[in-house]
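Here the structure comes first, spelled out in structure tokens, and everything after it is commentary.
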Amino acid sequence: MKNSGNQGIRRIRKRFSRISLKKGFFSILFFIILSVIGSYLVVNEFDLDSSWQNIIISYAVYVTPFLLIIWVLRETNQPFSFIVKGDSDELSQVFIAIPLIIISIGVAWMVILVLNEISAGAADNYLNWLSNTELFKFGPETTLLQYVLFLGMITVVAPVVEEIIFRGIMIERIGAKYNYSWAIVISSVIFGILHSEPVGAFISGVVLSLVYLKTRSLIIPILIHIANNSIASFFIIADETFVFSNSRWETTEPYISNAWVGILLFTAGIGWLSWYLKHNWKNVVEQQGFKLKAEKNE
């Protein structure tokens, strides 16, 4: 049974390596555009507020590629559940979400400190940009259903889809065409660009790629991503509602006056990252990519 599961995972990974990134990108883009247009028509038809607009459009953006991936994977003749199968002994790696959160906060804090040395206005603009990139603005008027849908999209839908695309398809495709070192760098750069804090997201992409190649399964990267987004979502909701409302942390002053905290978080995070890369990069070097030419006996 275990061998059958490993074979199923291998078939899905091999199918990932066959997907054309160019065709896949334009196919997803085309259907996302159609989905967003359809979402706008629904929003306008029912005259929904901005929170509902963001929720509906965000789901359209994520669900569309998810459905396309399921359609593509039909050729493996394996249950989709094989994507999230893995060794239960590796579950402890989910705690990697904690140093990733520390790194993300530390990097953002250091950027604020560096920009403040250049220009106080630049630091203010950076902090405002981070705040304005949030999809949702919650407050007393936010309904329970909106909270549930927001958390479902951020903590479940987004991690699953992003891990399949960036750690599954891109890692295997680029790894098969070039090597896994390039696959990690390229996929992580794109992953970082598409997030509000590019440096922190790039680092997370590298670590999650290493976890994927080490476990040969997407379940652990997905769980780490879910844990990471869940923690971040808590702070977003807390900051925009009754817990931390009108917080002085909306300005750069507390970051500057408590610079030692940011430096400590950044140093600890980068120290852990250096250790993790040193002990796990061998999995990248030793990894053998799938041959792009189809194997008849596979």
Side-chain angles (χ1 to χ4, degrees), residues 5 8-17 19 21 24-25 27-29 31-32 35-36 39 54-76 78-88 90-91 93-97 100-101 104 135-136 147-173 183-184 187-188 190-196 201 204-234 236:
I9 294 173
R10 177 178 170 79
R11 287 183 180 276
I12 289 178
R13 291 182 63 209
K14 185 175 180 180
R15 184 68 186 99
F16 283 159
S17 72
I19 296 175
L21 295 181
F25 170 78
S27 297
I28 290 176
L29 181 62
F31 284 104
I32 283 179
S35 299
V36 170
S39 300
N54 289 331
I55 289 173
I56 292 173
I57 292 172
S58 296
Y59 268 96
V61 168
Y62 277 104
V63 171
T64 298
F66 180 73
L67 295 176
L68 287 174
I69 290 167
I70 292 179
W71 180 75
V72 169
L73 289 179
R74 75 194 190 285
E75 297 181 10
T76 63
Q78 300 291 339
F80 183 77
S81 60
F82 275 128
I83 282 183
V84 293
K85 284 188 177 296
D87 190 345
S88 60
E90 301 287 350
L91 286 176
Q93 293 196 59
V94 172
F95 290 103
I96 287 176
L100 289 182
I101 284 286
S104 181
L135 290 175
F136 305 98
Y147 275 114
V148 171
L149 290 174
F150 164 74
L151 290 175
M153 194 272 290
I154 292 295
T155 63
V156 179
V157 178
V160 170
V161 175
E162 289 181 3
E163 290 309 306
I164 292 174
I165 292 176
F166 290 100
R167 254 60 68 183
I169 296 174
M170 293 191 70
I171 288 292
E172 296 297 352
R173 175 61 181 177
I184 289 176
S187 63
S188 298
I190 298 174
F191 183 71
I193 291 173
L194 296 177
H195 286 75
S196 59
S204 294
V206 171
V207 173
L208 290 172
S209 298
L210 289 173
V211 172
Y212 169 68
L213 292 175
K214 180 179 180 179
T215 62
R216 293 180 173 82
S217 172
L218 284 170
I219 182 58
I220 304 301
I222 287 174
L223 291 177
I224 293 173
H225 202 148
I226 287 174
N228 188 292
N229 284 15
S230 297
I231 296 171
S233 296
F234 167 77
I236 290 174

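Sequence positions, counted from 1, serve as the residue numbers for this chain.
The distance from the NE2 atom of His225 to the CD1 atom of Ile154 is 9.0 Å, given to the nearest 0.5 Å. Taken from CG in Leu149 to CG in Asn54, the straight-line distance is 12.5 Å, to the nearest 0.5 Å. The line from CD1 of Ile219 to CD1 of Ile224 is 10.5 Å long, rounded to the nearest 0.5 Å. Taken to the nearest 0.5 Å, the CD1 atom of Ile28 stands 12.5 Å off from the CZ atom of Phe66. Interatomic distance, CG of Leu21 versus CZ of Arg173, reported as 6.0 Å (0.5 Å rounding). How far CD1 of Ile165 is from CD1 of Ile190: 11.0 Å, rounded to the nearest 0.5 Å.
Contact check for Gln93 versus Lys214: side-chain heavy atoms found under the 4.5 Å cut-off. Residues Leu213 and Ile184 have side chains in contact (heavy-atom distance under 4.5 Å, counting atoms from C-beta outward). Two residues are said to be in side-chain contact when any heavy atoms from C-beta on lie closer than 4.5 Å; Phe150 and Thr155 fail this criterion. Two residues are said to be in side-chain contact when any heavy atoms from C-beta on lie closer than 4.5 Å; Ile171 and Tyr212 meet this criterion.
Looking at every heavy atom in both residues, Ser209 comes nearest to Ser188 through OG-OG, 4.0 Å. Contact record, Pro159 with Met153: CD-O, 4.1 Å, taken as the closest heavy-atom pair. In plain terms, the two heavy atoms of Ser217 and Pro221 that are nearest each other are O-CD, 3.5 Å.
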Going through the distances and angles, do Ile169 and Ile69 end up as a side-chain contact (heavy atoms from CB on, under 4.5 Å)? CA-CA 9 Å; Ile169 296 174; Ile69 290 167; 4.1 Å; yes
List the steps and the verdict of side-chain contact (heavy atoms from CB on, under 4.5 Å) for Ile164 and Phe16. CA-CA 9 Å; Ile164 292 174; Phe16 283 159; 4.1 Å; yes
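Residues passing the side chain to side chain contact (heavy atoms under 4.5 Å, CB included) test with Val157, sequence neighbours excluded: Tyr59, Tyr62, Val161. With sequence neighbours excluded, the residues satisfying side chain to side chain donor-acceptor pair (under 3.5 Å) with Ser35 are Thr64.
For the side-chain contact (heavy atoms from CB on, under 4.5 Å) test with Asn228, the passing option among Ile96, Leu223, Ile101 is Ile101; the others fail.
In this structure, the side chain of Ser104 does not engage the main chain of Leu100 through any donor-acceptor pair within 3.5 Å.
Evaluation of the salt bridge (Lys or Arg N to Asp or Glu O under 4.0 Å) test over residues 149-163, restricted to residues two or more places apart or in two chains, returns Glu163-Arg167.
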